[in-house]
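Position 1 is the first residue of the sequence, and the numbers go up from there.
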Amino acid sequence: MKQLEEFLQRKIRIVQAGPTKFAISFPMYKVEGGLYEIFLVADNGKFYLSDEGATYAALDKIFEMKEPDVIKNLVAILKQYGCRKHPASNAFIVECTPQDIHIRLSHLVQAISFMLNMKIFYV
């Protein structure tokens, strides 16, 4: 049990990243190194989790993001996990409540993982 507690303390971090934003770092490693961060954002009394555009930037290095088939596949994947693209940015987001943050975080992470692994179908 002590090993699990030590692992979680080293691997999962939540820090305030702005007045209405918290960064959640967790053990999902980027290909180029480092941990992914998902941001919990409070906006007009509502909450959402966001990758702040990191996934889109990573995918843009692999795919031609302006191609209709790529966009169509990304939208389908996001919808499958209850996520969407933020209307004003390249961030992938999922709305949440304080009660279901952990579940919605899991959905966003699964969507990101699936999208980042799409390259095996296109290479």
Side-chain angles (χ1 to χ4, degrees):
M1 187 67 165
K2 184 174 179 153
Q3 285 179 317
L4 177 61
E5 288 174 7
E6 289 173 1
F7 173 78
L8 292 175
Q9 287 174 351
R10 284 183 284 140
K11 299 297 181 183
I12 298 175
R13 287 187 356 256
I14 301 173
V15 296
Q16 192 156 3
T20 60
K21 187 187 323 185
F22 291 85
I24 305 169
S25 298
F26 53 93
M28 180 177 156
Y29 292 94
K30 295 179 183 179
V31 173
E32 64 274 1
L35 294 176
Y36 274 93
E37 284 188 331
I38 298 295
F39 294 88
L40 173 62
V41 180
D43 185 24
N44 293 325
K46 295 183 180 184
F47 299 96
Y48 66 89
L49 296 161
S50 169
D51 72 343
E52 297 280 302
T55 306
Y56 189 95
L59 290 171
D60 198 31
K61 294 175 186 173
I62 301 166
F63 303 110
E64 188 62 43
M65 295 301 286
K66 292 183 177 31
E67 292 206 12
D69 285 343
V70 173
I71 297 298
K72 183 177 80 172
N73 288 336
L74 291 180
V75 168
I77 292 166
L78 288 169
K79 282 183 180 179
Q80 180 181 355
Y81 291 98
C83 306
R84 64 184 174 87
K85 186 175 172 295
H86 192 282
S89 71
N90 287 331
F92 296 138
I93 66 170
V94 62
E95 283 83 15
C96 62
T97 66
Q99 293 78 25
D100 70 357
I101 288 171
H102 60 293
I103 295 167
R104 304 306 266 160
L105 177 63
S106 173
H107 293 166
L108 184 59
V109 169
Q110 289 176 50
I112 289 169
S113 296
F114 194 98
M115 287 185 285
L116 291 174
N117 286 315
M118 274 189 356
K119 65 183 173 190
I120 64 173
F121 299 112
Y122 286 92
V123 176

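- When side chains are defined from C-beta on, C96 counts as touching L40, because their heavy atoms get closer than 4.5 Å.
- Formation of a donor-acceptor pair under 3.5 Å by the R104 side chain with backbone atoms of T97 is not found in this model.
- Interatomic distance, CG of D100 versus NE2 of H107, reported as 8.5 Å (0.5 Å rounding).
- Looking only at side-chain heavy atoms (C-beta outward), D43 and Y48 come within less than 4.5 Å of each other.
- Under the side-chain contact (heavy atoms from CB on, under 4.5 Å) test applied with L108, the options L49, T55, I93 reduce to a single match, L49.
- Residues V41 and I24 do not share a hydrophobic cluster, defined by chaining ILVMFWY side chains whose heavy atoms lie under 4.5 Å apart.
- Connection of I101 to I14 is established within a shared hydrophobic cluster, with ILVMFWY side chains joined at heavy-atom distances below 4.5 Å, either directly or through further cluster members.
- From L74, atom CG reaches atom CZ of R84 across 15.5 Å, with rounding to the nearest 0.5 Å.
- Considering every non-hydrogen atom in both A91 and S50, the closest pair reads CB-OG, 3.5 Å.
- For the side-chain contact (heavy atoms from CB on, under 4.5 Å) test with C83, the passing option among D51, L78, I112 is L78; the others fail.
- Looking only at distances, a side-chain donor or acceptor of K85 sits under 3.5 Å from a matching main-chain atom of S89.
- Hydrophobic clustering of Ile, Leu, Val, Met, Phe, Trp and Tyr side chains at less than 4.5 Å, counting indirect connections, unites F47 with I38.
- With rounding to the nearest 0.5 Å, the separation of CG in L59 from CZ in F92 is 6.0 Å.
- Note on L116: it clusters hydrophobically with F114, by side-chain heavy-atom contacts below 4.5 Å among ILVMFWY residues.
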